[in-house]
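Numbered from 1 within each chain, the chains take letters A, B, ... in sequence-line order. Atom set for the values below is all heavy atoms of this structure, side chains included, hydrogens, waters and symmetry mates excluded.
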Amino acid sequence: MTEDVLRVNDLSTRFFTTEGQVNAVSNLDLRIERGEIFGIVGESGSGKSVTARSVMNLIESPGEITSGEIWYRNRDLVEDVEGDYPDAVDGEFVDLLALSDDVRRSLRGTSFSMIFQDPESSFNPTLTVGEQLAEAVEVQRRASANPRSTRARTREYSLGNYLLSTVLPSQRYVSEASHERAIELLELVGIPDPVERADEYPHEYSGGMLQRAMIAQALAGEPDLLIADEPTTALDVTIQAQILDLLDELQAETGMTILLITHNLGVIARMCDQVGVMYAGEIVERGTLEDVFDGHVHPYTEGLLGSVPDLERAGGRLQPIPGNVPSLLDHEMDDRCQFADRCPKAMEDCLEHPPEFDAPGSDHHEVRCVLTETEYDESRALPADYFGGKERPTADAYADPGTDIDESTGPGNPPRQPVDEPGGDRP
Amino acid sequence: MISKRVKSNLKQTFSESLLPKIGLVLLLSILFMAMFAPVLATHDPTRTGHYTEEGAEYPPLGHEYTTQVAADGEIGEVTVQGSSEHVLGTNNVGQDVYSRFLYGARVSLLVGLLGTSMAVAIGVPVGLVAGYYGGRIDDGLMRIADVMLAFPALVLALALIGVFGESPFYVPDPIVRAGLAEGMPESIPIPGTVTIVVGLVTWVWFARVARGEALSIRNEEYVKAARSFGASNRTILLKHVLPNSLTPIIVLATIQVAVIILLEASLAYLGFSGTTLSWGYEIERGQDVLRTRPWVSMLPGIGIVLAVISVNLLGDWLRDALDPNIEGEGR
Amino acid sequence: MKGANRRSIDRRTLLKLTGAAGAATGIGTLAGCLDDGNGTGNGDDDGNGDVNGDVDELTITLSQFPDTIDPLDHITGDYFDVYDHIYEPLFDFEPGEGIFGRVVEDWEIQEGEGTTELSLRDGVVFHNGDDLTAEDVAWTINRTVDPEMGVPSPIGTFGLGSIEGAEAVDDTTLEVHYGAAPGLAEFEFGNYARALNMEWAIDNHDAENEAISGADPEDFNGTGPYEVVDFTSGEEIVLERFDDYWGDEPPFETVRFNADGESSGRVASLETEETDLTINILPEDVTTVQNADGVEVRQVTSFRNIFCPMKNTVEPFDSQEFRQAMNYAVDNEEIVNTILSGFGEPRGQPVAPGINGFNDSIEPYEQDIGTAESLVEESGYGGVEIELVAPSGRYLNDADVGETVADQINQLDNVDCEANIVDFGVVSDANQAGVEPDEYGDTWEIPFYLIGWGTITGDTDYGVQGFFTIPDNPNRTFHDEELSDAILESQQIEDPDERRVQLEEVNQLAHEKAPFVFLHTQESIYGVRDDIQWDPREDETVYIWEMER
Amino acid sequence: MKRKRDYQALDSLDTVYGYYIQMTLGKFLVRRILQGVFVIWGVITIMFGLRAVSPGDPANLMLAEGATQALVEQVREEEGLNEPIYVQYFDYLQGMVVGDFGYSWQSNREVEAMVIERIPATIELAVAATIVAIVIAIPLGVISATRRNQPSDYGATLFSLLGISTPNFWLGLMLILILGVWAGLFPTGRRPVGFGPAVLTLAQTGSPSDIFTWLKYIALPAITLGTYFTALITRLTRSGMVDELGKPYVTASQAKGLPAVLVRYKHVLRNTMIPILTVLGLQIGTLMGGAVITETVFNWPGLGLRLIDALDARDWPLMQGIVVFIAIAFVSINIVVDALYAYLNPQVSDE
């Protein structure tokens with residue numbers, strides 16, 4: 001009975017910054033089945049969040065989706081857009097990238113919704129939590145009131161309406177019913193005293209509570225796909241577990257699909273059915289949880305796993321993999337395996353960009369590494385200093401102190417070459 | 001205290017954007033103009049009496065205008081032409097508009113720079129001491145600052161000038177002294193009271209910024225460390241607090257130069273300057289003849305706008321480059 | 001008290017009068033024609049209704065709006081322009097001709113007694129209906145000259161400087177007492193005597209102790225041909241014909257006064273037909289007026305001289321050669337022709353033509369750089385640096401004149417001169433600071449400044465006494481026994497012809513001793529609707545009853 | 001260490017509000033009002049001090065120039081000028097407290113009356129200028145921030161750069177020359193009718209002509225005074241919006257499908273305007289300074305023009321009255337702004 005809810009083909013997202021073109025996501029393929037939890041894991045700056053935002057259509061200038069297709073299965077949507085966008089429809093699927101921004105915007109909240117890493121900054125500090133949840137509910141209510149017109153969903157609310165709403169209570173965007181629903185949602189995610197809490201401001205909530213509220217907000221629209229972008233990173237370990245439990249429960253109850261983005265393998269291990277490992281804007285290995293954890297092929301996956309001492313400890317953080325975080329600047333990228341400069345098993349073959357190989361394990365197990373089909377051969381290994389000054393790690397030496405991985409994420413923050421910070425100067 | 005990062009930031013923001021380049025070119029041109037005014041000027045800017053044969057002022061070259069003159073109780077009409085001798089015409093007292101434009105730049109820039117220096121000299125020490133020591137000293141300063149803020153700068157300046165009078169002081173002209181120009185005034189008048197007064201009404205901004213910096217720097221680890229080594233407050237203030245507060249002070253100082261140029265012009269316009277060789281005064285003079293001889297007040301106004309724009313552009317650039325914490329371009 | 005008062009009094013008159021015709025201060029009071037919501041909408045579209053052919057209304061724009069409503073608490077020309085229509089003068093004064101009866105029908109000098117008897121006309125009534133009595137007039141004169149009574153009046157202290165007091169003899173007769181030659185006293189009360197309603201003023205305004213103040217029409221009560229119907233402080237005053245006026249009906253039913261400190265603003269009002277007559281037009285605005293439809297410029301050489309006093313107790317001005325050199329350095333002719341576009345006459349003595357005692361034979365100093373430079377050398381002050389302080393916005397292009405004078409002096413090889421443009425207040429302080437460093441204030445250190453003086457009584461005494469006499473005159477600007485004695489002598493000469501000759505001598509002496517850099521007599525320039533028949537007066541006063549339409 | 005600095009406001013919120021954060025709104029306001037009283041006392045004291053050290057004998061100035069020594073003595077006695085300076089100071093302060101600002105030396109009128117009658121004109125001008133600024137600046141700032149690096153953004157940036165760099169007296173003159181004299185569109189000065197009387201006329205007679213007259217006359221002064229603020233608010237709105245748009249909650253709002261209008265105006269603009277509000281509160285002083293100039297250029301009968309008149313005549317009581325009034329206005333407006341800030345920003349007023 002499983003069916004794909006989302007198919008991403010050959011997706012590339014680029015940022016055109018003053019320093020040059022940043023290839024945040026390159027030729028990415030993805031397939032998410034209804035009702036499953038799909039995890040994407042990778043270091044910071046590997047393009048996880050950009051992938052999520054590409055799906056949500058939240059990429060803003062100077063970013064741009066330069067190629068690819070995002071096929072979304074939704075019969076109602078097919079009916080709605082068939083007339084206007086015949087080319088975008090294929091059976092029960094619609095190619096989101098072929099639709100207008102307005103239509104895509106109308107899918108947010110109702111078809112896709114998203115929860116973010118930092119709940120405290122993801123709420124508007126000057127509006128009550130209840131108000132913000134109610135807004136999300138209202139989006140859904142209006143959408144279902146006009147199920148057949150995506151246009152009406154987005155265009156009915158104008159600046160004029162907004163200005164009127166500041167004077168006339170009857171013109172307010174958020175209705176009383178939506179407020180009530182917001183309280184129900186708060187209750188659903190386990191917030192005590194939801195009636196009172198709804199009238200409080202974000203800074204009056206604890207981090208864990210806010211993350212619950214954010215989950216409630218994401219659920220308001222009963223979306224087909226919930227994207228959780230590092231949902232627990234900013235939280236305490238104990239709270240992390242609670243939030244994951246909550247997500248788990250909700251998923252079990254509603255059977256919704258979740259795209260979970262994290263750099264925490266413990267989270268992946270605990271939550272996911274399918275996993276994609278991202279590196280430098282590409283998915284380098286994907287498959288079922290077992291494929292990736294037990295039958296992994298890519299040295300990068302191995303590095304990630306090897307750097308987690310104890311998978312059972314969900315709070316354990318990724319230990320750094322030696323070497324520099326790859327630059328995603330187009331002019332600094334070679335057409336090769338992007339991991340080769342940090343790979344202990346890099347060979348001459350790696351100087352060509354590898355395709356996705358079918359790997360052993362489940363049907364879905366695919367790996368972007370020559371090792372899938374070729375054994376490592378030391379005679380063809382690249383010399384240690386092949387990629388310039390810094391010494392490449394050898395197969396058994398992972399300990400390289402002094403390398404720090406930038407923990408910040410976000411599409412607006414393309415990774416830069418680390419700059420020397422002279423002491424004594426304050427940022 | 002200019003680190004590599006700051007330098008590269010300066011360079012980067014400068015090369016990325018057109019605006020700081022325009023600002024720099026403008027400012028350099030005005031500085032050049034001001035510096036070499038005696039060489040570039042065609043006439044002594046204070047020399048009166050350049051009138052046409054009919055006794056009328058010259059319009060700019062290529063223009064003509066008609067005016068009335070009285071003789072023996074009869075009013076007659078004369079039409080006069082511009083002359084290449086006075087390309088931008090002459091003003092109400094028959095002075096060369098172009099030459100005065102050049103000299104006006106000197107007064108604007110000098111008052112801007114000296115007034116800002118004065119404000120820095122008062123405001124920064126007061127602010128640093130208040131912020132560093134905190135407590136009553138700080139409370140006292142903040143209350144004084146509140147009082148100062150309740151005066152519109154212009155109004156306070158007017159009141160102060162009312163008290164101190166408007167004495168110009170005369171600065172020898174180095175270019176003329178060096179023999180590079182002939183027939184030009186040996187010294188130029190700088191509105192002395194105005195310079196002091198603009199410093200007195202704007203120091204409070206520097207005090208506030210310096211205080212804010214000192215307040216946060218005093219809690220820095222390296223200050224604590226220095227204190228634990230037994231460094232005196234004085235040493236800490238001079239060696240740690242001051243150098244580390246410089247960035248915002250420099251940015252503020254740049255922007256204040258623009259503010260003070262405008263303030264000086266406003267005071268001169270209202271007739272409180274002490275020198276007539278000021279763009280602001282020239283605009284006031286031109287106001288009487290706005291309808292018939294608009295050129296008298298147009299050019300100095302453009303001068304003020306360009307000078308202020310150039311400083312503002314550079315200020316914006318410095319702010320963006322030195323102080324990436326505050327919002328601006330990029331990010 | 002006459003003697004002491006009188007002298008310093010003239011000092012004050014001097015300063016007040018300097019303001020009389022000056023184009024107000026740099027930034028004058030606002031003019032407006034606020035129409036208190038009675039719906040006539042006197043906007044820019046229809047002006048004040050004059051344009052609609054309403055020939056019975058006149059609007060006059062002054063350069064300064066009266067800031068006090070007590071008719072005795074000022075000595076400012078613009079104020080007289082308004083208040084003379086409400087509180088009419090007792091006499092008609094004709095420049096160059098003398099005084100003629102008005103409210104006073106007849107007057108007689110009581111020889112040797114320092115007294116003149118005035119007989120009032122019958123049937124003169126105040127706007128509130130009270131009859132005018134001799135007691136009103138006597139009380140008003142006493143209130144004017146007695147600083148203890150009511151408000152210390154500049155008109156009294158200075159305009160009526162030699163008048164000691166007055167008393168009513170009967171209902172229509174009063175005696176005025178004075179302490180100088182009758183001719184001089186006649187000039188004074190002929191110009192400055194007015195009548196207030198004693199009972200009204202005391203009952204309503206405690207006028208024996210305070211200035212009359214307020215902002216309502218009822219706060220005005222005179223015998224003039226117009227009464228006040230609307231008053232907006234600082235903006236507008238509206239007068240209407242007084243029905244019970246004793247004399248001829250004045251030419252307009254309604255008269256509005258407003259003010260604008262900028263000549264260009266006054267001209268704009270004239271152009272847009274918001275006003276019918278405006279005073280103190282600058283030469284550069286003459287073109288605009290001439291080019292506008294339906295309005296024209298009218299001008300007359302005034303009694304106002306512009307000059308630069310040099311205090312001879314301060315170096316280098318203690319040298320007569322140096323002072324003369326300054327006069328030779330300046331080209332009066334050029335200043336008049338360029339800065340004033342011809343609206344003035346070069347002058348070489350303290351007073352203007354038409355003034356009693358004006359000396360026809362004195363020519364202005366001709367510019368002569370060579371003579372000037374050698375005189376400076378003779379004085380021993382070669383290479384000196386001086387500063388000329390000039391006001392802005394008080395006289396016709398005063399700052400420009402000052403700057404030009406300074407520059408012309410600066411052209412001498414052996415003198416450096418800079419102009420410093422200041423507020424009129426600074427100049428007037430300098431002018432009253434006296435010649436002794438410690439005598440009067442601390443601004444005596446401005447020894448060289450530009451100022452103007454309107455000899456509006458038409459007599460040389462008024463133009464020289466305050467500047468040059470020594471005894472009891474701490475405000476003098478020049479300390480010279482010979483000149484002082486010559487003036488004092490003239491004050492006691494009763495025979496008019498003899499006195500005139502002595503005054504001409506005073507002017508000659510002043511020319512030679514060069515206490516001033518003599519500049520010019522300026523013209524009064526008015527902008528007027530061309531259908532108004534009216535000739536401007538030399539004494540700068542505007543009388544509506546002299547107009548016709 | 002992240003410290004926000006805003007050099008346009010020259011004062012960041014942390015220095016102004018840092019030490020209030022721990023207080024409740026009530027306490028906060030009480031403290032603010034006490035500070036306001038202190039500030040006004042400071043202004044009064046400074047003005048008194050300036051008058052005391054200013055050259056020239058007050059009695060002389062009071063009497064018009066050149067009064068006799070006897071008269072001067074008399075006035076000195078009457079006015080208490082022979083008292084020790086501290087007695088004079090306390091008398092003066094006492095007068096101020098009971099609302100007695102003294103009498104104008106020039107016109108003998110009560111200073112309060114002379115101040116009050118000029119307030120409407122200045123308020124009309126300030127409000128008109130503010131309306132001009134807000135109506136133009138906020139949309140311009142929003143457009144500029146949301147279309148960054150596009151022609152409309154460059155246009156807005158250029159405009160705001162010119163706006164904050166142009167001296168308003170010159171701008172006023174150029175407007176007079178171009179729109180008034182050459183194009184003949186607007187009158188070049190004066191205020192023939194006030195807003196109040198104009199509305200009264202409308203109410204009584206139904207004729208809007210006075211309102212039109214008023215509009216026509218206030219147009220150029222309002223533009224002149226408003227330009228700097230338009231430019232400033234455009235700048236602040238743009239940079240504030242850019243900053244705010246980069247915040248995660250914006251993405252979150254978008255992600256939940258909120259219409260762009262709501263994201264932009266209900267969320268972002270609202271949060272942008274809260275700090276701008278305090279900046280504008282501090283700029284009231286600049287507004288008053290600008291009003292002095294603008295009223296001078298356009299002969300607009302407001303407080304500023306009266307201040308210049310008082311200054312020219314060195315009419316100290318009037319000068320002091322006007323300056324103190326301006327200070328009171330400044331302080332009150334800032335207290336209101338602070339209260340508004342606390343009200344709009346839940347983080348400030350909370351424990």
Is a side-chain donor-acceptor pair under 3.5 Å present for B:T276 with C:E403?
->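 Result is yes, a qualifying pair exists.
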
What distance separates B:D288 CG from C:S392 OG, expressed to the nearest 0.5 Å?
->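 Taking CG in B:D288 and OG in C:S392, the distance rounds to 7.5 Å.
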
Can you tell me how far CG of C:D416 sits from OG of B:S187, rounded to the nearest 0.5 angstrom?
->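 Rounded to the nearest 0.5 Å, the OG-CG separation comes out at 7.5 Å.
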
Looking at side-chain heavy atoms only, is the closest gap between [X] and [Y] below 4.5 Å?
X: C:I339; Y: B:N92; value: no
X: B:E57; Y: C:E284; value: no
X: B:P168; Y: C:E387; value: yes
X: C:S264; Y: B:L290; value: no
X: B:Y170; Y: C:E418; value: yes
X: B:E77; Y: C:N291; value: yes

Compare every heavy atom of C:S341 with every heavy atom of B:Q68, then report the nearest pair and how far apart it is.
->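 Scanning both residues completely, I find the closest heavy atoms to be O-CB, 3.7 Å.
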
Heavy atoms of other groups near [X] [atom1], more than 12 under 6.0 Å:
X: C:D293; atom1: CG; value: no
X: B:F151; atom1: CZ; value: yes
X: C:E366; atom1: CD; value: no

Below 4.5 Å from any heavy atom of chain C, which atoms of B:R291 appear? Answer side chain, backbone, both or neither.
->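 The answer is the side chain of B:R291.
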
Check whether B:Q95 gets within reach of chain C through its side chain, its backbone, both or neither, counting any heavy atom under 4.5 Å.
->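 Answer is side chain: those atoms of B:Q95 sit under 4.5 Å from chain C.
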
Residue, of B:T67, B:T275, B:D44, that accumulates the most heavy atom pairs under 4.5 Å with chain C =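 Ranked by heavy-atom pairs under 4.5 Å with chain C, first place is B:T67.
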
Out of B:T52, B:T46, B:V78, which one racks up the most heavy-atom pairs below 4.5 Å with chain C?
->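 The answer is B:T46.
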
Output, in order, the C-alpha distance, side-chain angles, deciding distance and verdict of side-chain contact (heavy atoms from CB on, under 4.5 Å) for B:I75 and C:F343.
-> CA-CA 9 Å; B:I75 299 175; C:F343 292 94; 3.9 Å; yes

Top contributor to chain B interface from C:T404, C:V389, C:V286 [non-hydrogen pairs under 4.5 Å] |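 With the most close heavy-atom pairs to chain B, the winner is C:T404.
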
Hey, which of C:N337, C:N420, C:V297 has the most heavy atom pairs under 4.5 Å with chain B?
->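 Result: the option with the highest number of such pairs is C:N420.
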
Non-hydrogen atoms of chain B under 4.5 Å away: do they reach the side chain of C:A268, the backbone, both or neither?
->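 The answer is both parts of C:A268.
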
Checking C:S263 against chain B: side chain, backbone, both or neither under 4.5 Å from a heavy atom?
->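 It is neither, since no heavy atom gets under 4.5 Å.
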
Evaluation steps, salt bridge (Lys or Arg N to Asp or Glu O under 4.0 Å), between C:D400 and B:R285 | CA-CA 9 Å; C:D400 293 343; B:R285 192 205 299 272; 3.0 Å; yes

Within the side chain of C:D407, is there an N or O that forms a donor-acceptor pair under 3.5 Å with the backbone of B:T48?
->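 Between the backbone of B:T48 and the side chain of C:D407 there is a qualifying donor-acceptor contact (under 3.5 Å).
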
